[in-house]
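In each ligand, atom 1 is the first atom listed, and ligand 1 is the first ligand listed.
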Amino acid sequence: MITKITENIKYVGCDDPELDLFESQYSLPEGMCYNSYVIIDKHPTILDTIDHRCEEEWLQKVESALDGQKPEYLIVHHMEPDHSAGIKALIEKYPEIKIVCSLAASKFLGQYNEDIDFTNRTIIVKENDTLSLGNHTLQFIAAPFIHWPEVIMTYVQEEQILFSADGFGKFGVYDADADDWACEARRYYFNICGKYGVQVSKVLDKVANLPGVKAIAPLHGPVLEGEKMKEALRLYHIWAHYEVETPGVFIAYASIHGGTKKAAEKMRDILLEKGCPKVSIADLAREDMAEAIEDAFRYGTLLCCASSYDADVFPPMHFFLHKLAMKAYQNRRIALLENGTWAPSAGKAMKALIAPMKNITLLEPVVTIKSRMHQTDIENMEKLADAILAE
Ligand SMILES: Cc1cc2nc3c(=O)[nH]c(=O)nc-3n(C[C@H](O)[C@H](O)[C@H](O)COP(=O)(O)O)c2cc1C
């Protein structure tokens with residue numbers, strides 16, 4: 001199906017409901033979609049290609065949307081293969097097409113397609129350059145590191161639509177969770193763009209200076225308009241600035257034989273009894289790691305509970321904290337509970353992983369339990385809960 005975004009801008013993206021993992025690591029309970037658009041004008045133009053999994057379907061949609069015209073330009077916003085894999089097939093089908101992209105993207109074109117000669121085919125654009133298609137003027141916006149260095153966005157001046165590359169994207173097929181954009185957009189943002197809050201903030205400032213954006217069309221997920229677009233912009237402002245979105249505590253635990261899990265659940269109960277507005281809890285060994293990353297960013301305080309393991313920390317917790325550090329986790333309070341049977345080491349290992357993070361307040365006391373939570377541990381756990389709740 002080809003959907004009209006406006007009279008002359010058509011959606012030619014594809015759903016991929018069967019993909020197991022996005023970027024080989026993110027679970028997809030509702031599949032994925034790769035967006036692509038065709039602008040019908042004096043100079044017909046395609047915005048981005050597609051993942052190789054959907055190439056044939058996409059080519060047919062493009063042909064049908066063009067309705068007999070030949071495309072003159074392909075705008076490449078982002079060179080990641082889920083959007084650029086179709087470039088080769090597109091050039092084979094329309095050998096005269098010109099590729100419009102950033103300088104950085106022009107280098108990646110050859111890296112991904114060494115058998116194609118891009119000489120005399122590539123038009124390099126930079127910040128605020130424009131390209132007239134006839135009735136549509138494309139204004140290019142540099143968006144480096146959202147979340148790759150070559151990224152550009154395109155603002156279609158007459159229609160006031162921003163084509164935002166992976167910015168404002170989400171997991172799921174095109175119309176998944178139509179009434180709850182934030183849930184999968186948040187998981188997508190923190191796991192994929194989270195490291196680049198500074199760059200996202202800069203782009204948000206540029207978007208605010210555009211003369212009235214009416215819609216945002218990302219490379220994954222629905223086109224955002226009206227109140228949904230306003231809400232997405234509000235959330236992106238919070239996320240990009242590493243602000244707390246929801247008051248409360250996220251408890252992440254990694255337990256080998258269940259003792260640490262019991263202590264984590266007891267901490268949840270103590271916190272709720274003491275009036276904590278919201279406590280979310282996750283088993284890092286079993287639950288979706290990407291969702292745990294998302295929740296760590298969502299709440300203001302993170303409580304990590306982990307078993308000791310080979311004079312270090314149980315690996316699911318190691319991976320979790322390592323990934324948070326990679327994603328520039330910052331501006332948060334962290335509390336620790338460790339468990340060990342002969343020489344507890346989880347606390348020290350967790351502290352070492354947290355040390356490089358920016359603007360983290362480590363709460364005291366670090367609670368140590370031995371093998372199983374004992375009555376004598378409760379006093380320390382209460383103290384830790386008090387420290388968590390004392391803002
Ligand atoms: C492979 C392995 C390595 C472990 N290494 C340590 C260790 O270095 N120091 C320690 O005190 N306990 C160690 N333990 C014990 C765990 O920390 C133990 O499972 C924990 O104290 C009980 O909590 P749990 O029920 O949440 O796993 C190890 C356990 C396993 C299975």
Side-chain angles (χ1 to χ4, degrees), residues 25 27 187 190-191 248-274 276 278-327 329 332-357 360-389:
Q25 61 173 320
S27 67
R187 188 167 72 100
F190 284 116
N191 285 279
V249 178
F250 175 51
I251 303 177
Y253 68 84
S255 175
I256 307 166
H257 291 297
T260 313
K261 174 183 178 181
K262 275 216 163 128
E265 288 169 349
K266 181 69 181 171
M267 282 302 301
R268 174 195 58 199
D269 297 345
I270 295 173
L271 284 164
L272 288 173
E273 274 161 26
K274 286 179 183 284
C276 187
K278 168 96 187 160
V279 183
S280 174
I281 186 163
D283 176 353
L284 297 178
R286 288 179 180 77
E287 292 175 41
D288 179 24
M289 186 59 76
E291 202 157 321
I293 297 290
E294 166 196 351
D295 275 351
F297 279 98
R298 180 171 188 169
Y299 299 99
T301 306
L302 169 65
L303 167 57
C304 297
C305 308
S307 310
S308 301
Y309 186 95
D310 289 353
D312 205 302
V313 63
F314 187 35
M317 179 60 78
H318 187 283
F319 180 71
F320 172 66
L321 290 172
H322 173 64
K323 184 118 194 237
L324 280 181
M326 287 173 92
K327 299 296 171 188
Y329 191 67
R332 293 293 184 277
R333 303 155 83 236
I334 301 184
L336 302 176
L337 181 151
E338 65 173 349
N339 189 354
T341 294
W342 57 93
S345 49
K348 189 177 166 204
M350 289 191 282
K351 277 186 185 170
L353 290 160
I354 291 161
M357 296 175 186
I360 297 292
T361 306
L362 201 56
L363 301 177
E364 293 288 344
V366 172
V367 174
T368 301
I369 64 171
K370 291 288 196 71
S371 306
R372 292 287 174 264
M373 179 179 58
H374 304 280
Q375 196 51 39
T376 46
D377 295 321
I378 302 293
E379 190 185 332
N380 251 353
M381 291 167 74
E382 297 260 1
K383 275 190 195 156
L384 184 58
D386 289 338
I388 288 171
L389 293 172

Hey, does the side chain of [X] reach the backbone of [Y] with a donor-acceptor pair shorter than 3.5 angstrom?
| X | Y | answer |
| --- | --- | --- |
| H257 | S255 | no |
| N191 | R187 | yes |
| E287 | D283 | yes |

Do any side-chain atoms of residues 292-300 form donor-acceptor pairs under 3.5 angstrom with protein atoms, and if so which ones, sequence neighbours left out?
residue : atom : partner : partner atom : Å
E294    : OE2  : R186    : NH1          : 3.2
D295    : OD2  : S280    : OG           : 3.2
R298    : NE   : T246    : OG1          : 3.0

Taking distance alone, no hydrogens or angles, what donor-acceptor pairs closer than 3.5 Å link side-chain atoms of residues 307-317 to residues at least two apart or in another chain?
residue : atom : partner : partner atom : Å
S307    : OG   : A254    : O            : 3.4
S307    : OG   : I256    : N            : 3.2
S307    : OG   : T260    : OG1          : 3.2
S308    : OG   : N339    : O            : 2.8
S308    : OG   : S345    : N            : 2.8
S308    : OG   : A346    : N            : 3.1

Which residue pairs pass the salt bridge (charged side-chain N to carboxylate O under 4.0 Å, His left out) test with at least one member in residues 333-344, sequence neighbours excluded?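 Of all non-adjacent pairs touching residues 333-344, those that pass salt bridge (charged side-chain N to carboxylate O under 4.0 Å, His left out) are R333-E391.
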So which residues, sorted by chain and number, lie with a heavy atom under 4.0 Å of ligand 1?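 Within 4.0 Å of ligand 1, the protein residues are S255, I256, H257, G258, G259, T260, S307, S308, Y309, D310, A311, N339, G340, T341, W342, A343, P344, S371, R372.
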